[in-house]
Amino acid sequence: MSITLTSPSYKRIYVWEIPVRLFHWLNAASLIVLMATGYLIGHPATLSHSAEAYQQYWFGNVRFIHFVAGYVFMLNLLIRFYWGLVGNRYARLRTFFPKTKAEIRELWEVLRVDIFEFDRTAHPTVGHNQLASLSYLILFVFSVFQIATGFGLYAAMSDGWVASLFGWVVPVLGGDGATRVWHHGAMWFFVLFTLVHIYIVAYHDYVEGRGTTSSMVGGWKFEREDVLDRKD
Amino acid sequence: MTDPSIWGIMAQKGYSRRDFLQFCTYAAALSGLQSNAVAEVAQQFTTKPRPPVVWLHFQECTCCSESFIRASHPIVADVLLDTLSLDYTETLQAAAGHQAEACLHETMRDHHGDYILLVEGSVPMSADGVYCTIGGRSAEDILKEAAEGAAAIVAWGSCASNGCIQAARPNPTNATPIHKILNRPVINVPGCPPIADVMTGVVTHLLVYGRAPELDSRGRPRSFYGRRVHDTCYRRPYYDAGLFVASWDDENARRGYCLYKMGCRGPVTYNACGVTKWNEGTSFPIQSGHGCIGCSEAGFWDNGPFYQHLAAFPGFGIEATADKVGTVATVATAGALGAHAVWTNVRKHKAIKATIDESVNVTSDS
Ligand code: HEM
Ligand code: SF4
């Protein structure tokens with residue numbers, strides 16, 4: 001068996017550490033649960049059982065699952081913020097904020113090359129590219145908003161101290177009714193985000209062929225040696 | 001001459017001591033006091049001069065007054081209101097015109113620092129307050145003057161405590177709740193109108209203790225506004241079981257299932273309707289088959305339509321909920337992504353092909 005090497009050689013880089021990968025999947029799972037149960041809370045199905053009310057508790061269960069997933073969602077995010085302080089360079093919180101000239105240039109590059117496709121080539125980056133980072137920053141902002149409004153609403157039905165920490169949110173937004181509308185409306189951000197996020201990951205994998213999708217499972221990404229040499 | 005106590009007034013009117021003690025028990029219960037506090041209530045009502053009361057009316061419909069005279073206990077209307085009206089309340093007092101104004105000023109002067117001020121209605125702040133003037137003076141002026149010497153101030157109803165319908169978008173007169181005008185504590189008793197027995201409870205508390213009951217962060221008495229209508233609703237088991245009315249005349253409506261899907265605002269409304277009920281405990285809206293419209297919540301007129309679970313999405317018409325807007329956005333995004341995928345195959349064809357071409361060729365020559 002003989003192997004003909006016609007491709008440039010690639011280096012394997014350990015990009016996503018275990019806490020980051022765990023965060024990602026727990027976040028995805030809790031978001032799916034929160035979106036599904038949240039939508040049901042807003043639009044419960046109409047059942048017409050002749051059963052007595054005491055024979056079932058499905059709506060109560062849906063709400064209970066929503067609240068449990070809400071706690072998971074929040075704790076998971078807190079752990080991720082902590083890892084953003086101590087994790088590797090790709091996990092750092094500062095990677096989410098475009099600051100330097102080069103980073104802002106990259107933001108436009110990604111828009112130009114990947115989104116609007118003015119450029120026929122592919123320009124891969126290790127870690128998050130700047131546009132992706134920005135989208136995650138927005139995701140974090142919405143997550144915090146959803147946690148604040150969710151626990152704010154929860155304060156009316158929970159004696160827990162976590163919920164009571166958010167008691168101030170409801171008056172600020174103008175009452176429980178308005179808070180519910182905000183909380184419900186913000187769900188659509190997560191729906192749109194999920195859609196776009198999955199597509200863009202698939203796009204990068206498809207165009208660049210560097211294992212973008214599997215990197216969130218194993219943690220590894222691949223980079224051409226010559227590109228790495230240029231960067232460092 | 002010292003002012004008579006409540007018992008003094010009642011005795012004058014021919015009530016017996018027994019009637020009086022019954023009234024004290026009722027008043028104590030309404031103020032959320034334990035039964036051993038009845039003695040204290042009786043003591044206060046017998047010895048303390050009844051504090052004078054000034055009841056002002058601004059932008060309102062008088063439904064608060066209407067509600068108040070329907071309190072469960074007849075003595076409340078007869079004694080409290082009768083005596084209230086002795087001082088100043090435009091709707092019920094005998095005096096009119098200059099006589100009434102003189103009466104108001106006399107009360108405010110003679111009892112400076114110890115009268116109770118009850119305010120019904122919001123105050124229009126735009127155009128120098130011309131939208132509500134009484135005796136040639138703006139509501140704001142009158143309110144500020146009356147508030148200055150008041151021992152306690154109560155905002156009756158949603159108008160005075162959060163603006164109610166006058167303050168609904170676009171709020172042409174800039175109707176303003178009184179706690180936003182006065183910079184001193186105000187007891188907010190929202191509702192359109194508030195429940196009569198809640199009103200009596202608040203007044204009784206003031207009369208007995210001479211200070212406000214425990215209030216929440218929005219100035220509402222905790223004992224009446226501490227829980228949502230939903231938390232004390234007798235249809236709540238149907239809610240938890242997921243048994244909902246889906247239209248006004250369906251089988252589920254006949255069975256008395258939960259009105260959540262019909263836009264019931266019980267889950268977002270803080271009030272005592274489920275417990276105290278209305279008209280001497282006869283019923284309340286949900287018991288009559290109609291969802292709560294949230295009349296004691298700030299901005300409830302703008303959170304409509306009443307028969308829809310979620311409020312309309314601002315700027316997209318009455319029918320547009322966040323869900324309709326969200327669904328359209330999702331479909332549009334999915335379409336854009338699909339188009340992008342097709343375009344990628346056209347536009348990046350070469351780049352993708354180059355990647356495939358540079359792939360390692362594994363040939364087997366066994
Ligand atoms: C991204 C995450 C979340 C999404 C997409 C989401 C979505 C929703 C939706 C659509 C509703 C229905 C609102 C309505 O129509 O009335 C809802 C209700 C609610 N959510 Fe969330 N939610 C999220 C996170 C949270 C969190 C973290 C909490 C905190 C415990 C929470 C607590 C609540 C509460 C208390 C309600 C009201 C439930 C009721 O009264 O029955 N949510 N959520
Ligand atoms: S009818 Fe309204 S207040 Fe009663 S349980 Fe249903 S949603 Fe709650």
Main chain of [Y], side chain of [X]: is a donor-acceptor contact present, judged purely on distance under 3.5 Å?
| X | Y | result |
| --- | --- | --- |
| R235(B) | Y257(B) | yes |
| E106(A) | Q130(A) | yes |
| Y225(B) | P190(B) | yes |
| H184(A) | A322(B) | no |
| D205(A) | G211(A) | yes |
| D240(B) | P237(B) | no |

Go through the atoms of [X] and report whether side chain, backbone, both or neither lie under 4.5 Å from a heavy atom of chain A.
| X | value |
| --- | --- |
| A354(B) | neither |
| A336(B) | neither |
| R265(B) | neither |
| D323(B) | both |
| T355(B) | side chain |
| F300(B) | neither |
| H340(B) | both |
| T327(B) | both |
| N345(B) | side chain |
| K261(B) | side chain |

With respect to chain B, which residue among [options] yields the maximal number of heavy-atom pairs within a distance under 4.5 Å?
| options | answer |
| --- | --- |
| Y199(A), Y54(A), Y206(A) | Y199(A) |
| I200(A), V196(A), L195(A) | L195(A) |
| G42(A), A178(A), G209(A), G174(A) | G42(A) |

Can [X] and [Y] be counted as having a side-chain donor-acceptor contact under 3.5 angstrom?
| X | Y | value |
| --- | --- | --- |
| S283(B) | S288(B) | yes |
| T269(B) | E297(B) | no |
| T149(A) | W182(A) | no |
| T173(B) | Q166(B) | no |

Where does [X] contact chain B at under 4.5 Å (heavy atoms): side chain, backbone, both or neither?
| X | result |
| --- | --- |
| Y203(A) | side chain |
| I41(A) | both |
| A45(A) | backbone |
| D114(A) | both |
| F116(A) | backbone |
| V207(A) | both |

Closest-packed option against chain A by number of heavy-atom pairs under 4.5 Å, given [options]:
| options | value |
| --- | --- |
| K350(B), R228(B), R227(B) | R228(B) |
| A341(B), A334(B), A298(B), S217(B) | A341(B) |
| A329(B), A351(B), G242(B) | G242(B) |
| L310(B), I356(B), T333(B) | L310(B) |

With a 6.0 Å cut-off on ring centres, are [X] and [Y] close enough?
| X | Y | answer |
| --- | --- | --- |
| Y14(A) | Y90(A) | no |
| Y71(A) | H66(A) | no |
| Y260(B) | H43(A) | no |
| F244(B) | F59(A) | yes |
| H290(B) | W248(B) | yes |

Classify the ring geometry between F96(A) and Y136(A) as parallel (under 30°), tilted (30 to 60°) or perpendicular (over 60°). perpendicular
Partner of F193(A) under side chain to side chain contact (heavy atoms under 4.5 Å, CB included), picked from I138(A), L31(A), L139(A), is L139(A)
For chain B, which residues of residues 154-171 of chain A have at least one non-hydrogen atom nearer than 4.5 Å to it? A156(A), M157(A), V170(A), P171(A)
